[in-house]
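Working notes, beginning with the structure itself.
Note that the numbering runs from 1 along the sequence shown for the chain. Any value given below was found using the heavy atoms of this structure, including those in side chains, with hydrogens, waters and symmetry copies removed.
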Amino acid sequence: MSNHVFEGGCFCGQVRYLASGLPQATAICHCRSCQKAFGAESVAWACFKPEQVEWKGMSRKIFESSEGVERSFCDACGTSISYHSTNHTLDLAMASLDEPESLRPQREVYLSHRISW
């Protein structure tokens, strides 16, 4: 068992998660889908295997943003929390970590979608 444990949740605290072990990857995504989902120019993700993540508190609201892609958010405060697709990791928004400085993005993806400003 790894001693790496990452906890986080939504703005209002009703949706909580615990991720055990190190993420498979960390990245800043500039894709248009992430921009629209977060209302931001980019999103930093920590990519875990689904079995590494345990959800606590209130159930997340799941939104199928495209075929085979589920994004989740808190139904109470609207905080976007995760991204999951078939044959893909369960990505947690790094800013939703209780200690967001505990991980650093390793790369940037979808740079062709990067907003120029």
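A distance-only check finds a donor-acceptor pair linking the side chain of Gln52 to the backbone of Leu22 [under 3.5 Å]. Side-chain atoms of Ser72 never come within 3.5 Å of backbone atoms of Lys61 as a donor-acceptor pair (strictly under, hydrogens ignored). Formation of a donor-acceptor pair under 3.5 Å by the Gln35 side chain with backbone atoms of His113 is found in this model.
Contact check for Cys74 versus Met58: side-chain heavy atoms found under the 4.5 Å cut-off. Tyr83 is not listed as a side-chain neighbour of Cys47, based on a closest heavy-atom distance of 4.5 Å or more.
Pairing each heavy atom of Cys77 with each of Cys12, the nearest pair is SG-N, 3.5 Å. Smallest separation of non-hydrogen atoms from Ala93 and Ser80: CB-O, 4.1 Å. Taking all atoms of both residues into account, the shortest heavy-atom contact from Gln14 to Ala76 is NE2-CB, 3.6 Å.
In this structure, Phe6 and Phe48 have tilted ring planes: the angle between them lies in the 30° to 60° band.
Within a 6.0 Å sphere centred on CZ of Phe38, other residues, nucleotides and ligands contribute more than 12 heavy atoms. Counting heavy atoms of neighbouring residues, nucleotides and ligands inside a 6.0 Å radius, atom CD of Glu67 does not exceed 12 of them.
Note that CH2 of Trp55 and CG of Leu90 are 5.5 Å apart. Values are rounded to the nearest 0.5 Å. For the atom pair OG (Ser85) and CZ (Arg71), the distance works out to 10.0 Å, reported to the nearest 0.5 Å. To the nearest 0.5 Å, atom NE2 of residue His84 and atom CG of residue Leu92 are 10.5 Å apart.
Residue pairs that meet the side-chain hydrogen bond (donor to acceptor under 3.5 Å, both in side chains) test with at least one member in residues 91-108, sequence neighbours left out, are Arg16-Asp98, Tyr17-Ser96, His30-Glu108, Thr89-Asp91.
Every residue was checked against the salt bridge (Lys or Arg N to Asp or Glu O under 4.0 Å) condition with Glu70, not counting sequence neighbours, and none meets it.
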Evaluation steps, side chain to side chain contact (heavy atoms under 4.5 Å, CB included), between Tyr110 and Arg32 | CA-CA 9 Å; Tyr110 293 100; Arg32 191 65 183 132; over 6 Å; no
Which is it for Val109 and Ile28 under the side chain to side chain contact (heavy atoms under 4.5 Å, CB included) test, yes or no, and what are the steps along the way?
-> CA-CA 6 Å; Val109 296; Ile28 295 175; over 6 Å; no
Thr26 and Met94: CA distance, side-chain angles, deciding distance, side chain to side chain contact (heavy atoms under 4.5 Å, CB included) verdict | CA-CA 9 Å; Thr26 55; Met94 287 172 58; 4.1 Å; yes
Worked verdict on Ile81 versus Phe73 for side chain to side chain contact (heavy atoms under 4.5 Å, CB included) | CA-CA 5 Å; Ile81 298 173; Phe73 60 95; 5.6 Å; no
